[in-house]
Each structure stands twice: as structure tokens, then as C-alpha cells.
Enquirer: 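The structure that follows is given in the form of C-alpha cells.
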Amino acid sequence: MNRRLVLLLCVLALAALPAFNALPAEHPLHVPDFLVSVVGKWICYAILALAIDLAWGYAGILSLGHGAFFALGGYAIGMHLMRLIGPRGVYGHPVLPDFMVFLGYTELPWYWLGFDWFAFAFLMALFVPGLLALVVGWLAFRSRITGVYLSIITQAMTYALMLAFFRNDMGFGGNNGFTDFKELLGMPLNTAGTRATLFYASLATLVLVFWGCAHLTQTKLGRVLTAIRDAESRTRFLGYDVTQHKLFVFVLSAMIAGLAGALYVPQVGIINPSEFSPGNSIEAVVWVAFGGRGTLVGAVLGAFSVNALKTWLTSVAPDLWLIVLGLLFVIVTLLLPKGLIGLLRRRQP
Amino acid sequence: MRPPPFRGAKKEAAELMPWFLLRGLAAALALLLFLAPARAQEYEALLPGLAGGFAQQAETVERLGLLGDPRAIPLLQAMADARLLRLADGSFAPQQGAAPPEGATLIRINNRVRGALRGALGRLQLVSPDPAERLRAAEAILRNRSAADIPLIEAALARETQAPIRVRLGLALGGARLASEDVAVRREGIAALGASASPEARGQLLAARAANAELLPEIEAAIAAIDRRLQLRRAAETMFQGLSLGSVLLLAALGLAITFGVMGVINMAHGEFVMLGAYTTVVVQELCRGIPELAPWSLPLAVPAAFLVTAAIGAAMERGLIRHLYGRPLETLLLTFGVGMILQQVVRLTFGAQNREVISPDWMMGTLLLPGGVAVTQNRLWIILFALAVLLACFAAIRLTRFGLEMRAVVQNRRIAATMGIRTGRVDAMTFAFGSGLAGLAGVALSQIDNVSPNLGTGYIIDSFMVVVFGGVGSLMGTLIGAFSLGLLNKVLEPYTGVVLAKVAVLVGIMLFIQRRPKGLFALKGRAADQ
């Protein structure tokens, strides 16, 4: 009961942020615009962290490819946002985005069809990462690739996607990616109202995903996943279909990551292939490890705290950030095997 | 009869015998005697003609060309550029400054003289003592080939000693023969071109097809022969590039094969160790710069230095951090990734983010022309040899030394090895140091072909992991075969798919491959294999 109250208070505190932003600038409680965007970004990261925790913390699948699922979701929404620019682009073409005009395209590639429709783009943000996870997961789990091998394979997948998206002729804007977005669902993107709306949408999604994951891990399915994490062979011998279970959670987790990416892109206003860089995926894993692997609260806490540290440090001492992040990796693995949550729980008898 | 390019005083004689024979005779004589004193006098006697009327100029230019005195080259060149001056004392000199000196007159020329100049310069440059100039002349003759040049080229070919110029001259000779009226000479030309393996010869033959209906079968056969040879050469060059990429991968993956394969530690900082090896090369080079005796030896000196530096860091990392995480491979993955990040950033802060240059020693520079026209860059050849040498040293270290024996013992059964008195902790540290040192060696090699920058290693690390996974964890043989087959596959695919898609295709291919063989080509037992 106590825990739920704390969580509720945290959510309410977050929800108050755009309201404080709406106060006049000279008011002592006024929150600057950038903070709303930054915290909105953290919320998306927290959703990504939940996705990773679901796969890694509960089913023992350490995927180094969730950054790729996140980016794919972002690209899906990015495509929709590009289509909405319409003739307002630099080249003023009514149908083609600027980069396509620049590269000499005469018509929209077939895989761009339908992205002018928000619902389609939204479904694609879930479907494409899910499909990729299904294929990779099926190949991997079927031949019982586990542990480190799975991590390396998923990392290679991310790397291959990054190389592919850096190409100009892929039809995804090459290394510049998508930017210059104008509006979403009729709302111009750079107003306080849209910022608040996106913030609340992200927060609501975070709460929903958290609640869904909490629910899932309490069901029998969740128990089986934990059993697979702790003793995969034993679970298999007991008669459970380990492959199916792992595949299910992997695909679900990829879709959640895609959802996080889809919420992230309209808030930051850009998506480019560097989101696919393998380092991003590993960094996201460290959020989870730092907060506390295997606890949903830990994943969210990790995403918030590491990113808050990052935002602060990159403005104070940008050169030191990578060293501190590296130290974080070392500290988490050597000293905090259960993360911040483990530390807090140990303090409380 | 096609008009010869230049018509001069010998026109009557040219009608009596094939004019190119006469021309050839004169040219051969000129080439044989071009330094003889009698010729020198003739040279002096000819010069005033340069200031005569256009007809006389053209004739003089042509004669100078045939005379073959290299002294004429700068004068004729200046004349062609319309900056040849006749000075007050009657001598000639190229104009130096913006305005001609007092009493000098600029020699004017017309198109006919210009034509004569081109021909004469072409001939003169063929006998120039400067090889670069001879090569240029051969290129020029190759471009506007005509049968008139045959004797000239033959004479030049007879005295030419430099292989690249000989190749160009041979091509030019074939082309000139192809332009001859005599069918027998043309046939000779076709045969000569057909015996080469150059795209230019192929182009010449293709162009000659229309004009030589009667020789068509021979031309087709010659083209086919060239195509076969070109294909072979292309295959050989692709092979070499593949081997070269493979050897780089082999160097980067060898250390991983030891730390990952034998110890079961995922060292994500391996790429950073490679980078540190490259920076050690930079530092050693800087240190050697001050001492002239050492400067050419900086690269061989960097090899042990890089091994020791990275091995020391590796040993420290094993004793300080990794030791606590044995049996928890996912944690070592995160930990070493963090260490790699720190190393990268520390290097960036120390050396700056920009690329550092490593100068290759002279004996590693240049291109080697293998038989069959296969061009091979020497530094890549050295890297292949270096990689194989390192591999042999690895085999020797593992099979023949006490350390290798202890290492294998610890891998097979740690507890029994400990009971037999092997200090397993020390062996762990040494094994990890050994693997890290190998990464440093890879860095020395990479500094020769890639930019030395703080993120040098990142580009290779995923490929190296692929090599180890593909070849089979912990097997040096698997690493060797994995590295070379991935290198070759990459380079074979590249012409069809482009660099990036080739990489993607290889990655996808490996993912499919480990469906069949999850343990790689050569599965080996080790601490990693038990998990």
C-alpha cells in the first residue's frame, strides 16, 4: 500500500510539470520549456527501460538491440511527420519529402504508402519492431542461442540496421534522417500546448506499460518467464515451451520499445541513424542495471537517474560524461548487482 | 593511302619507298646517335630555322624531333606554349617573366607548326632521360596512335628498361600497328594486343572492329582472350583485398578468441585495446623522431611496445575488475564496455579527438606489380604477413610454452590444475594480458591503413566478434578460417552490393549460419563452452 502511494505521488509530481510550465515566466514555480521536453524524453527512455527489463530482468534475454527497436518505432512516426510537412518543405514538393527531391526521386517509394495516415504509422511503430523481433527471436531461440551469443547477435542486428539506414538510397533520408517536422494530428509541434499533450501522452503510456508489465509478471506466464531466466533447461524439462515463451516476451518487449521511440521522436523533433548505434542499446541496458534489474520500479528509476545525471553533466562538464558513464558500468556490475533498488531495500530492514 | 601526319622535304623520297620505313631509319639513327658530337653541331645549325616562316619552322621542328637531342625539349615546349623568345644575340630561350627582355622577339606559330611541335615533342620525350617524361610521351603516343610511329616506338621499346613504360609502349605499338594499312602488320598488332590484359587494349580492339571486317574473327578472339585475363586479374585482386581485410580481422579477432573463447570473458573493450596499440605506435614514432638512427625503425619498435602497453592494461583490468565476475559473462560485457568507454574518452582528452598520422616506413610504401598485372599495395601485403606471423606466434605460445600448457590446463579443469600447483589466478591474468597484447599488435597494423582516432577500434569490434562466433569460440584455427572467409566474402560481395550491403549480408549470413552450427565452425571446449 505504501509503495503504491509513493508511485502515485511520483506520477502526480511528474504530471504537475507542464502545469508549472504554464505559469508566467516570473513566477517562482515556473518551469522552463526545455525541462518539459527533457523530462518528456526521460519518460520515453523509461518506457524503453521497462521493455528491456521485461526481456532481461524477467526472462533473462539480454538484448543489445532494443535501441534498434526504439529507433524503428521512431522512424515509423518520423515518416508520418515527414508526410505531414507536405509542400512546406524547402523544395516545396507537394508529395515528396525534401531529401527525396534532393536525391532525385520522382515518386514515393511503395513502403512510404499509408504513412500519411496517423493510425497506420502508429501501428507500424509497433508492428515493424515486433516483426523484426519475431524473426530474429525465432532464429535465435529456436537454435537455443542464449546469453552472450544472443547479445552479440542482437548487437550485430543493430549494427547492420545502422549501416543500412546510413545509406542514402534506402529512402529514409540517409545520415540526416528526418527533421523539420511541422505538426502532429493538427497541432503545431513547437507550442507549449503540444509539448504538454505529448508529455501527458508519454506519461500515460509509461503508467499503462508499467501497470501492464506489473500485471504480466504476476501472471503464470510471468512466473514461467522467471523460471526460464533462472533455469532454462529445467523449465524445458518440466514441459514448458521455452522458445514460445521467450519469443512472446521478446516480441512484446520490442513493441514496447517501438512505442517509446514513437513517443520520443515528436518530442525531440529529429530521428537519424545514429539512434541505431550499438552504444545506445548498451547504455539503455545500463539504465536498467543501475536502477535494479528484475524490478520494474528499478528500470524506471534507472532511466530517470542516469539520464538526469547525463543532462546535468553534459552541461557542466561535457568531457567527463563518458568517463562517468563508463564508471557507472563498472560500479553497477561490481558493487551494485541489484542496482539502486537493491541498495534501498537493503537499507530498509 | 592515308596521309602521313607530317609532310616535309622528304616527300619525294617518301614516294619511292614506304615512308614510315625511312622515318623509322632516321628515328633509329637519331636514337642511337643522339649524343654524338656531329649531331650536336647539326642541332646548333638547325636552331635558327625556328625563327623562319611557318613552313620553315615546321620543317625545323620536325627535324629537331628526328634528331633526338633532349636539349630541344624545353625550347619546343616553350614554342608550343607560345613563350619562346629569340634573344638579341640570335639565341633562343623560353620567356621567364611577364614581359620579354630588351631586344627579344616572341616566336609566333600557326596550326601547322603546332601540329609539327606535338609530333616532335612526342618523339623527343620518348628519348628523354627523365622516366616520368618518357612515360608521359608513351601515353601521348598511345592516345593518338598512328602507323607512322611504329619504328619510333619499336626503337624506344628496345632501349626502355622501366617496366611500366614498357607496358605503355607495348600498348602504343599494338595500337599503331592496328592503324597500319598492311594487313599483316595489323594482324601482328591484334595478336600483340590480344596477348595483353589491359582494358585499353580491349578498347582499341573494339574500336578497330568496324574498320577490319576481314580480321573480325581474330579481333573477337583477341578480345575474348583479354576478357579472360582481365577476369582472372580481377579475381586475383579481389582475392588479395579479401585476404587483406581478413588479416586485419584475424589480428583483431585473435585476442578475442583467447579472452572470449578460452576465458569466457566478453571483452567489449577489445576495440579500445586495438586503439591503444595504434596510439602506442604514434607515441613511439614521436619518440623516435628526435633520434635519426631510430626513426626508420619506429614501426618495428612499436610492435613490442604496443604489446607490452596493452598487455599491462589488460592484466590490471583482469586483476582489478574482471576477476570478480567469472561465470557471469553478461556482467563482464557491461563492465568491459564501460572500461572501453573510459579508455576511449581518456585517449580523446589526452591526444585530442582528431586523427593522428602514422608515417609508413619507405619499405612498406608503394605498389607491387605481380606477374599478370595484379597490383598489390605493399603495406597491405606486410599486414597479411604480420597477421600470419602473429598467428604462428600464438600457436607456438599455446602449444610450446609452459604458460600455454598452464593456460590449457586451467581451461580444461581449473580445480585439478590448481591441485597440481598451478597458480590459476596468475594464469588468468596472463591469459587476459596475452589476449589484450594481441589487440595491441592489431592496433600497430591498423595504424598503417586506417586513421588513428579514439574510435578506431569500434569499427572492428563487431566484425571481430562475428569472426569468433563464426569460426568457433576458442579455436585459433576457427579464427583463422573465420577471419579469411569473412574478409573474402565481404570483398566478393562488394562489387555487386556495395560496401554497406555486403557487410549487412555477411551479418545476416552469419546469423543464418549459426542456426545450423550454434557453436561455430570449430567448436571447442572451454569455460565458455560449459555454459
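Proteins come first, then strands; the chains are lettered A, B, ... in the order of their sequence lines, and each starts at number 1. Atoms considered below: every heavy atom in the structure, side chains included; atoms not considered: hydrogens, waters and symmetry mates.
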Enquirer: Looking only at heavy atoms and a cut-off of under 4.5 Å, which of L320(A), V330(A), L139(A), L62(A) has the most pairs with chain B?
Expert: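 With the most close heavy-atom pairs to chain B, the winner is L139(A).
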Enquirer: Under a 4.5 Å cutoff for heavy-atom pairs, which residue among I462(B), V506(B), L325(B) has the most contacts with chain A?
Expert: I462(B)
Enquirer: Nearest 0.5 Å please: distance from the CG atom of L327(A) over to the CD atom of Q345(B).
Expert: 11.5 Å
Enquirer: May I ask you to name which of I266(B), I342(B), V508(B) has the most heavy-atom pairs under 4.5 Å with chain A?
Expert: I342(B)
Enquirer: Heavy-atom distances under 4.5 Å only: say whether I323(A) touches chain B with side chain, backbone, both or neither.
Expert: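 Both backbone and side chain.
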Enquirer: Checking side-chain contact (heavy atoms from CB on, under 4.5 Å) between F329(A) and each of L335(B), T336(B), L334(B), which is the one that passes?
Expert: L334(B)
Enquirer: If you define the side chain from C-beta out and look only at heavy atoms, does anything of E331(B) sit under 4.5 Å from L334(A)?
Expert: no
Enquirer: Which heavy atom in M466(B) sits nearest to a heavy atom in A156(A), and how many Å separate them?
Expert: CE-CB, 3.4 Å
Enquirer: Count the heavy atoms belonging to other residues, nucleotides or ligands that lie under 6.0 Å from CZ of R234(A), then report whether that count exceeds 12.
Expert: no
Enquirer: Using non-hydrogen atoms and a 4.5 Å limit, figure out which bit of A140(A) sits close to chain B: side chain, backbone, both or neither.
Expert: backbone
Enquirer: Are more than 12 heavy atoms, taken from residues, nucleotides or ligands other than F127(A), located less than 6.0 Å from that residue's CZ atom?
Expert: no
Enquirer: Could you check whether any side-chain heavy atom of L333(B) comes within less than 4.5 Å of a side-chain heavy atom of V285(A), counting everything from C-beta outward?
Expert: no
Enquirer: Using non-hydrogen atoms only, which part of W56(A) is less than 4.5 Å away from chain B: side chain, backbone, both, or neither?
Expert: side chain
Enquirer: Do you know which of V339(B), D463(B), L501(B) has the most heavy-atom pairs under 4.5 Å to chain A?
Expert: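 Ranked by heavy-atom pairs under 4.5 Å with chain A, first place is L501(B).
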Enquirer: Using heavy-atom distances under 4.5 Å, tell me whether L512(B) contacts chain A through its side chain, its backbone, both, or neither.
Expert: side chain
Enquirer: State, with a plain yes or no, whether a side-chain heavy atom of M268(B) is found less than 4.5 Å away from one of I282(A).
Expert: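 Sidechains of I282(A) and M268(B): in contact.
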Enquirer: Please state whether the side chain, the backbone, both or neither of L321(B) comes within less than 4.5 Å of a heavy atom of chain A.
Expert: both
Enquirer: Quick check on L507(B) against chain A: is it the side chain, the backbone, both or neither that has a heavy atom closer than 4.5 Å?
Expert: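 Side chain of L507(B) only, per the 4.5 Å heavy-atom cut-off to chain A.
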Enquirer: From M341(B) CE over to L325(A) CG, what is the distance, rounded to the nearest 0.5 angstrom?
Expert: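 Rounded to the nearest 0.5 Å, the CE-CG separation comes to 4.0 Å.
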Enquirer: In terms of heavy-atom proximity below 4.5 Å to chain B, should L161(A) be classed as side chain, backbone, both, or neither?
Expert: neither
